[in-house]
There are 2 protein chains.
Amino acid sequence: MFRGVVATESQLGRDPNAASITRPLLMKELAARGVRMTAQRRLLVGIIQDSPRHLDAATLLEIAKKHDPRIDRATVYRTIALLKDRGLIDELDLMHLEGEKHYYEAKTNRDHGHIACFRCGAIMEYASSSFERLKKEIAQQSEFEIRTVRLEVGGLCKKCKRRPS
Amino acid sequence: MFRGVVATESQLGRDPNAASITRPLLMKELAARGVRMTAQRRLLVGIIQDSPRHLDAATLLEIAKKHDPRIDRATVYRTIALLKDRGLIDELDLMHLEGEKHYYEAKTNRDHGHIACFRCGAIMEYASSSFERLKKEIAQQSEFEIRTVRLEVGGLCKKCKRRPS
DNA sequence: ATATGTGCAAATCTTTTGCAAATTC
DNA sequence: GAATTTGCAAAAGATTTGCACATAT
């Protein structure tokens, strides 16, 4: 009677149909909030929305530069801040597997945690009804209005835990 | 039939008896692992163990300097890395309420999440059987050997959600 | 036309590292 | 005495900011 979702990024990527996890269209959400849309914002938002993997600021910049070489780091960070402020993206650390940078993903209809293997670096996403229940419990018990939830798990994946160090 | 634990840091602090959350003694754990104990390590470990609140590297250094002014930033970071490696402390972001720094706390017998109010900055700790169940589910379902879990929740606390912005 | 966004370059904040001297076992 | 740890100073990595110019509504 397990109802969770386990997906490795490489298998399912960020396919919005994967395990009924979907993402609202950032562009529309921004318009709905009356946010001024510029060329750069459209570009960056499009990249984040469509990315098959979690992006950090440097990677996002790199990809954006292929479309518009004039775009600057500062714009990337400012756009990320805008999207985070509006609650349209989630920020992840992925257990700091490599450096202290942050990763971003368009907010999904269903919150999910990220499971990272310390040895091979695999990232899996995990959503389940237990997770939803926990969130509800936290909100009710502490009378808290939850805006964002970050669940990160680090350890050894199936393969790596068998292999000796 | 709620079984969770909700405690604001200011109310209960890091009292090891609070809500049956306890912390093993770092010093003993280090000895058990055959780690060489130096004066600085004893100092830093003692501070972390006894701190009533979550410490970031800079604050830890500041406190340590009161006891031994010669201690250096690098030693603080190296000791934190040692403790993290050995699985004796947990690293928190507290939702980056102020800057990108990390916070540390001695690992407790029971994992708990941190709930942060975006408006007033209050931090609450949350442990519950649902959380334990979720962890178990994740481990079983994804056949993962969990080493660390980080659950962070951001939003508005009871008081702040009532008040207008 | 006005308010807002952008590039650039410099600054800031946090954490890491190489190396010679000091400490621990 | 050999191996490990430390302080120092410099470097690195990630993100932010001030300002003059460009763009969006």
Side-chain angles (χ1 to χ4, degrees), chain A residues 26-27 30-48 54-86 88-89 91-104, chain B residues 26-27 30-48 54-86 89-104:
Chain A
L26 295 178
M27 215 72 94
L30 286 165
R33 287 164 172 75
V35 172
R36 184 182 220 157
M37 286 315 289
T38 64
Q40 273 86 347
R41 281 187 187 162
R42 272 189 289 271
L43 174 56
L44 293 170
V45 160
I47 295 170
I48 294 173
H54 304 115
L55 297 174
D56 61 276
T59 307
L60 177 53
L61 173 61
E62 199 188 319
I63 297 174
K65 272 193 164 149
K66 287 181 194 154
H67 297 84
D68 178 354
R70 297 171 10 86
I71 198 167
D72 191 79
R73 215 177 346 177
T75 302
V76 169
Y77 281 108
R78 289 191 272 233
T79 304
I80 287 172
L82 172 74
L83 295 169
K84 208 165 44 156
D85 259 28
R86 300 298 199 280
L88 299 178
I89 55 175
E91 184 179 67
L92 321 169
D93 289 336
L94 300 183
M95 279 299 178
H96 302 299
L97 248 51
E98 40 182 77
E100 298 304 306
K101 61 194 163 198
H102 295 125
Y103 298 86
Y104 301 91
Chain B
L26 296 178
M27 214 73 94
L30 286 165
R33 288 164 173 73
V35 172
R36 185 181 222 159
M37 285 314 290
T38 64
Q40 273 86 346
R41 282 186 186 162
R42 272 189 289 271
L43 174 56
L44 293 171
V45 160
I47 295 171
I48 293 173
H54 305 114
L55 297 174
D56 62 277
T59 307
L60 177 53
L61 172 61
E62 199 188 319
I63 296 173
K65 272 192 165 151
K66 287 182 193 153
H67 297 84
D68 178 354
R70 296 169 12 84
I71 198 167
D72 191 79
R73 216 176 346 178
T75 302
V76 170
Y77 281 107
R78 289 190 272 234
T79 303
I80 287 172
L82 173 74
L83 295 170
K84 209 165 44 155
D85 260 28
R86 299 297 200 279
I89 54 174
D90 277 322
E91 183 178 68
L92 321 169
D93 289 337
L94 300 184
M95 280 298 177
H96 302 301
L97 248 50
E98 40 183 78
E100 298 304 307
K101 61 193 164 198
H102 294 124
Y103 299 86
Y104 301 91

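Here is how names work: the chains are called A, B, and so on, in the same order as the sequence lines, proteins then strands, and each is numbered from 1. Any value given below was found using the heavy atoms of this structure, including those in side chains, with hydrogens, waters and symmetry copies removed.
Atom P of nucleotide C/dT15 and atom CD of B/E91 are separated by 8 Å, given to the nearest angstrom. The nearest whole Å value for the distance from the CD atom in A/E62 to the P atom in D/dA14 is 13 Å. Computed from coordinates, the A/I80 CD1 to D/dT15 P distance equals 7 Å when rounded to whole Å. Summarising the geometry, the separation between CG on A/L83 and P on D/dT15 is reported as 15 Å, rounded to the nearest angstrom. Regarding A/L97, its CG atom lies at a distance of 18 Å from the P atom of D/dG13, rounded to whole Å. Going from atom CG of A/D56 over to atom P of D/dG13 covers 13 Å, rounded to whole Å. Straight-line distance from the CG atom of B/D93 to the C1' atom of C/dC13: 15 Å, rounded to whole Å. Put simply, NZ on B/K101 is 14 Å from C1' on C/dT15, counting in whole angstrom units.
Considering only side-chain N and O atoms, A/Y77 lies under 4.0 angstrom from the phosphate OP1 or OP2 of D/dT15. Residue A/H102 places none of its side-chain N or O atoms closer than 4.0 Å to OP1 or OP2 of D/dA14.
With DNA chain C read from its 5' end, the first of the two nearest nucleotides for B/R42 and B/K84 is the one closest to B/K84. Of the residues near DNA chain C, B/G99 and A/P69, the one whose nearest nucleotide (by heavy atom distance) lies more toward the 5' end is A/P69.
Between B/A64 and B/L43, the shortest heavy-atom distance links the atoms O-CD2, 3.7 Å. Nearest heavy atom pair, residue A/K84 against residue A/E91, reads NZ-OE2, 3.1 Å. Here the closest non-hydrogen pair linking A/L61 and A/R73 is CD1-N, 3.8 Å.
Nucleic acid contact for A/A81: none, since no nucleic acid atom lies under 4.0 Å from a heavy atom of the residue. Counting any heavy atom pair closer than 4.0 Å across all strands shown, A/A58 reaches no nucleic acid atom.
Here B/I48 contributes atom CD1 and B/I63 contributes atom CD1; the two are 10.0 Å apart, rounded to the nearest 0.5 Å.
Judged by distance alone, the side chain of B/D93 and the main-chain N or O of B/H96 form no donor-acceptor pair under 3.5 Å. At least one donor-acceptor pair under 3.5 Å links the side chain of B/R41 to the backbone N or O of B/R36.
Of the residues listed (B/I89, B/L60, B/I80), the one engaging B/L55 in a side-chain contact (heavy atoms from CB on, under 4.5 Å) is B/L60, and it is the only one.
Helical stems involving DNA chain D, defined as 3 or more consecutive Watson-Crick or G-U pairs under 3.5 Å, span C:1-25 with D:1-25.
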**Item:** Annotated protein contacts, base or backbone, on nucleotides 2-7 of chain D with a non-hydrogen cut-off under 4.0 Å, one of B, S, - each
**Value:** -BSSBB
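Side-chain contact, A/T75 with A/D72: no donor N or O sits under 3.5 Å from an acceptor N or O.
The shortest side-chain heavy-atom distance between B/H54 and B/L92 falls under the 4.5 Å cut-off.
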